[in-house]
2 protein chains.
Amino acid sequence: MYNILVVDDDKEIAGAIEIYLKNQNYNVFKAYDGEEALEIFKREEIHLVLMDIMMPKMDGTQATMKIRENSSVPILFLSAKSEDVDKILGLNIGADDYITKPFNPLELLARVNSNLRRCTSYSNGSALKNDVIRIGGVELNDLTKEVTVDEEPIRTPPLEYKILFLLMKNPNRVFSIDEIYEKVWQEPAYNPDTVTVHIRRIREKIEINPREPKYLKVVWGIGYKFEG
Amino acid sequence: MYNILVVDDDKEIAGAIEIYLKNQNYNVFKAYDGEEALEIFKREEIHLVLMDIMMPKMDGTQATMKIRENSSVPILFLSAKSEDVDKILGLNIGADDYITKPFNPLELLARVNSNLRRCTSYSNGSALKNDVIRIGGVELNDLTKEVTVDEEPIRTPPLEYKILFLLMKNPNRVFSIDEIYEKVWQEPAYNPDTVTVHIRRIREKIEINPREPKYLKVVWGIGYKFEG
DNA sequence: ATAAATCTTACAAATTTCTTAAGAAACTAG
DNA sequence: CTAGTTTCTTAAGAAATTTGTAAGATTTAT
């Protein structure tokens, strides 16, 4: 979940942008001038800034320079003036992109996505949050296929991994044995014992006491669930 | 001095862009379709790509995807179609920016500058930081294609290098054998043994004990990853 | 108490990866 | 162009890991 800071003195526009972004599951913070923007920026962990140029108190270019003093967060400019001079000015003070008003919501979203992606997916090293599921002490990373229990890595063969992934991705939802078989083996359920044994093996690895599971619980007569 | 690859089947436009860029002291390579672009991209050290969407043979989106398989070079799209669908498509396949034709030369230059600056602002003169990957004692320099282990240079033939590059550029991410084959050989996976043997050879060079790899680890039933 | 469901264990089978080596192909230098 | 070197592919047996099965033990619901 990304946090986006929208800076615009026109509350109507800011509100509209907020709606578009929230629809796409972004978290939105709003500021109505540059000073307010800086305050929020200090306080919150902002992943991207949408910045209007014309504003009272401190305008967009000033605010951008301030932010740039100690952050390389992507900053996208918004402006009613569509002159190219502005564009170049904007891009040279450390802005990452530029959108002219009136803008098309789809284009706005596309540029936001693009700039966010650039700063995350190509930055090698840490996995994106989307690929990591953590429930209690159990953490599953779908990029590295690594599972840790209380920060200790455990070995998870393909089938065990797939079962764990299925259950952890839908915490608390109960899956019948047949359902697990079909989803993991990708063929009609055949031998329920197989699933049972795998469940046992997973428990051996993630539970302190496999006989009294804390995470991977049975729901009698129905199936299994990962409790979280 | 930056190398910019201009891909456009309209020679007039490509020529015009070339003039603008050369005026700004950029080095320009021109390609007239996607395939040609890929060839040049492989051969030369390209710092930024200006890519037309509509082209014969291989279009811009296809070429972009190919390039994205093993490079995060900035790619800016050019297009005569100003429909938003195109924009989003472009930005979601790994493009960094989008310019609609007819474009204003100044805007083009501004966007080129902006995208270059973002990716190279830490350049120290010789090798750009982006081109050097270091994980543990293993350092890979993509400019010189040199690899050192604990500061000792090792020999890395083309395929070994490409595999190592792929894995080191995405540390911890697991790649299946087929995936490695497709990305490195650029053709559908054929003989998995080939990959296996190359992995063995790389291990022989970078690992103290190839039988208990510290870096290049297997994830049973899934694939290989470079741990870092 | 009884039947049904789940758990546990151990071992055999299947799969995946490792290692080695030999010949083919590609490249380099003379 | 040729000889020599390096790199790549293929193959096959060995080693390691994972998966399936089955049988008996235990737990739960009625």
Engineer: Is the phosphate of C/dT19, meaning OP1 or OP2, less than 4.0 Å from a side-chain N or O of B/R200?
Structural biologist: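 Yes, B/R200 has a side-chain N/O under 4.0 Å of OP1/OP2 on C/dT19.
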Engineer: Under the criterion side chain to side chain contact (heavy atoms under 4.5 Å, CB included), I'd like the reasoning laid out for B/V7 against B/F77: C-alpha separation, chi angles, the key distance, then a yes or no.
Structural biologist: CA-CA 9 Å; B/V7 192; B/F77 269 24; over 6 Å; no
Engineer: Among D/dT21, C/dC7, D/dT10, which is the nearest nucleotide to the side chain of B/D193?
Structural biologist: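 The answer is D/dT10.
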Engineer: Separation of B/E204 atom CD from C/dT19 atom P, in whole Å?
Structural biologist: 9 Å
Engineer: Quickly work out the B/L216 CG to C/dT19 C1' distance and round it to whole Å.
Structural biologist: 16 Å
Engineer: Mind calculating the distance between NZ (B/K205) and C1' (D/dT7) to the nearest angstrom?
Structural biologist: 9 Å
Engineer: Below 4.0 angstrom from OP1 or OP2 of D/dT21, is there any side-chain N or O of A/N191?
Structural biologist: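 So the side chain of A/N191 is within the cut-off, an N or O lying under 4.0 Å from OP1 or OP2 of D/dT21.
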Engineer: Whole angstroms only, please: what is the CG-P distance between B/D178 and C/dT17?
Structural biologist: 10 Å
Engineer: Once you round to the nearest 0.5 Å, how far does NZ of B/K162 lie from CD1 of B/I180?
Structural biologist: 14.0 Å
Engineer: Please check the phosphate of D/dT27 (OP1 and OP2 only) for any side-chain N or O of A/R211 closer than 4.0 Å.
Structural biologist: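 No.
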Engineer: I'd like to know if B/R201 reaches the base of D/dT9 with its side chain, counting only an N/O donor and acceptor under 3.5 Å.
Structural biologist: yes
Engineer: Between C/dT17, D/dT6, C/dT20, which nucleotide gets closest to the side-chain atoms of B/Y224?
Structural biologist: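 Looking only at heavy atoms from C-beta outward on B/Y224, the closest nucleotide is C/dT17.
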Engineer: Taking the minimum atom-to-atom distance to the side chain of A/V197, which one of D/dT19, D/dT10, D/dA22 wins?
Structural biologist: D/dA22
Engineer: Could you state the atom-to-atom distance from CD1 of A/I202 to P of D/dT19 in whole Å?
Structural biologist: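 Checked: the CD1 to P distance equals 10 Å.
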Engineer: Could you tell me whether A/E160 and A/K145 have a side-chain N and a carboxylate O separated by less than 4.0 Å?
Structural biologist: no
Engineer: Taking B/I199 as the fixed residue, which of B/V197, B/T196, B/V195 is the one that meets the side-chain contact (heavy atoms from CB on, under 4.5 Å) rule?
Structural biologist: B/V195
Engineer: Under 4.0 angstrom, heavy atoms only, what part of the nucleic acid is B/I199 near: base, sugar-phosphate, or nothing?
Structural biologist: nothing
Engineer: I want to verify a distance call: between C/dC7, D/dT17, D/dC8, whose nearest atom is closest to the B/W220 side chain?
Structural biologist: D/dT17
Engineer: Can you tell me how far P of C/dT6 sits from NE2 of A/H198, to the nearest Å?
Structural biologist: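 In whole Å, C/dT6 P lies 17 Å from A/H198 NE2.
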Engineer: Determine the interplanar angle of the B/Y2 and B/H47 rings, folded into 0 to 90°, and report it as parallel if under 30°, tilted if 30 to 60°, perpendicular if over 60°.
Structural biologist: perpendicular
Engineer: Tell me, with the steps shown, if A/E146 and B/K217 meet salt bridge (charged side-chain N to carboxylate O under 4.0 Å, His left out).
Structural biologist: CA-CA 12 Å; A/E146 222 171 19; B/K217 300 218 170 159; over 6 Å; no
Engineer: Heavy atoms from C-beta onward define the side chain here; which of C/dT8, D/dC8, C/dT17 lies closest to that of A/T196?
Structural biologist: C/dT8
Engineer: Would you indicate which nucleotide in D/dT19, D/dT7, D/dT17 comes nearest to any side-chain atom of A/L159?
Structural biologist: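 So the nucleotide nearest the side chain must be D/dT19.
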Engineer: In whole Å, what is the span from the OH atom of B/Y161 to the C1' atom of D/dT7?
Structural biologist: 17 Å
Engineer: What does B/Y190 touch in the nucleic acid at a heavy-atom separation under 4.0 angstrom: a base, only the sugar-phosphate, or nothing?
Structural biologist: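 Result for B/Y190 = sugar-phosphate.
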Engineer: Can you tell me how far C1' of D/dT9 sits from CD1 of B/I163, to the nearest Å?
Structural biologist: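 The answer, rounded to whole Å, is 13 Å.
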Engineer: Just compare C/dC18, D/dT7, D/dG20 and give me whichever is closest to any side-chain atom of A/W185.
Structural biologist: D/dG20
Engineer: Taking the minimum atom-to-atom distance to the side chain of B/V218, which one of C/dC18, D/dT7, C/dT8 wins?
Structural biologist: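 So the nucleotide nearest the side chain must be C/dC18.
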